[in-house]
Amino acid sequence: NTSGYWNSSSSGNWANGSLWTITSGTGSVPGGGSGVATFSPNNANPGNPTALTANVTVNLKSNKGAANDFTVRAVVFDANTPSYNFTIASGAGALKFASSASITVAAGQSHNINSEIALDAGNDGLNKLGEGTISFGGTAANTLTNQITVSEGTILLNKTAGVDAI
């Protein structure tokens, strides 16, 4: 049950603890039933010393390159330089959500999740928060079996033709 901020303006693997600043919990990367992963390279947030200067891809891989699934309660894409974005890419791993799950994207922002998105057993659904846009893309089918609620903003369904986005 670890939460943290991505602290780099560079791409890398989710499992690389040096690319995260942990704000609660004891793990080296965000994860667990109540963990929150925040992406916000802007000087107003702890652990984010450098403004985003290019698009950043976060791969769901271990540090040895093997596919990894990561489970969190929430993913937050906070305000940053609008001309650049974050993409969570599969690396053959899945981004899984525990109960009371949410994806928040700040107003004026557009980011991508190009991996499988799944809900843990017993999860009551996924809530999209924030006025920004999240795109569900990539070639891996999402396995979202419960309710998806769009409370604010937009979800774009950009999976490869014939691949389940929801």
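The residues of the chain are indexed from 1 along the displayed sequence. Everything quoted here is computed from the prediction, not taken from an experiment.
Counting Ile, Leu, Val, Met, Phe, Trp and Tyr side chains that sit under 4.5 Å apart, directly or through other members, Val76 shares a hydrophobic cluster with Val36.
Partners of Thr139 by side chain to side chain donor-acceptor pair (under 3.5 Å), not counting sequence neighbours: none found. When the side-chain contact (heavy atoms from CB on, under 4.5 Å) test is applied to Ser11, the partners found at least two apart in sequence or on another chain are Val56, Thr57. Every residue meeting the side-chain contact (heavy atoms from CB on, under 4.5 Å) condition with Leu119, not counting sequence neighbours, appears here in chain and number order: Phe97, Asn123, Leu126, Leu144, Asn146. When the salt bridge (Lys or Arg N to Asp or Glu O under 4.0 Å) test is applied to Lys96, the partners found at least two apart in sequence or on another chain are Asp69. The side chain to side chain donor-acceptor pair (under 3.5 Å) test applied to Thr87 returns Asn112, not counting sequence neighbours. Taking the side chain to side chain donor-acceptor pair (under 3.5 Å) definition, one finds that Asn127 meets it with Ser151, sequence neighbours left out. The side chain to side chain donor-acceptor pair (under 3.5 Å) check on Thr143 picks up Glu116, with sequence neighbours excluded.
No side-chain donor-acceptor contact under 3.5 Å links Thr104 to the backbone of Gly130. Of the possible donor and acceptor atoms, one in the side chain of His111 sits under 3.5 Å from a partner among the backbone N and O of Phe86. For the pair Asn85 (side chain) and Asn55 (backbone), a donor-acceptor distance under 3.5 Å is absent.
Distance CD1/Ile155 to CD1/Ile103: 6.5 Å, rounded to 0.5 Å. A distance of 11.5 Å separates CH2 of Trp20 from OH of Tyr5, quoted to the nearest 0.5 Å.
The environment of Leu156 atom CG is dense: over 12 non-hydrogen atoms of other residues, nucleotides or ligands sit within 6.0 angstrom.
Screening residues 13-39 for salt bridge (Lys or Arg N to Asp or Glu O under 4.0 Å) gives no qualifying pairs among residues at least two apart or on separate chains. Judged as a salt bridge (Lys or Arg N to Asp or Glu O under 4.0 Å), not a single pair has a partner in residues 153-166 (not counting sequence neighbours). Within the structure, the salt bridge (Lys or Arg N to Asp or Glu O under 4.0 Å) test picks out no pair touching residues 125-154 (sequence neighbours left out). Counting only residues at least two apart or on different chains, no salt bridge (Lys or Arg N to Asp or Glu O under 4.0 Å) pair has a member in residues 5-24.
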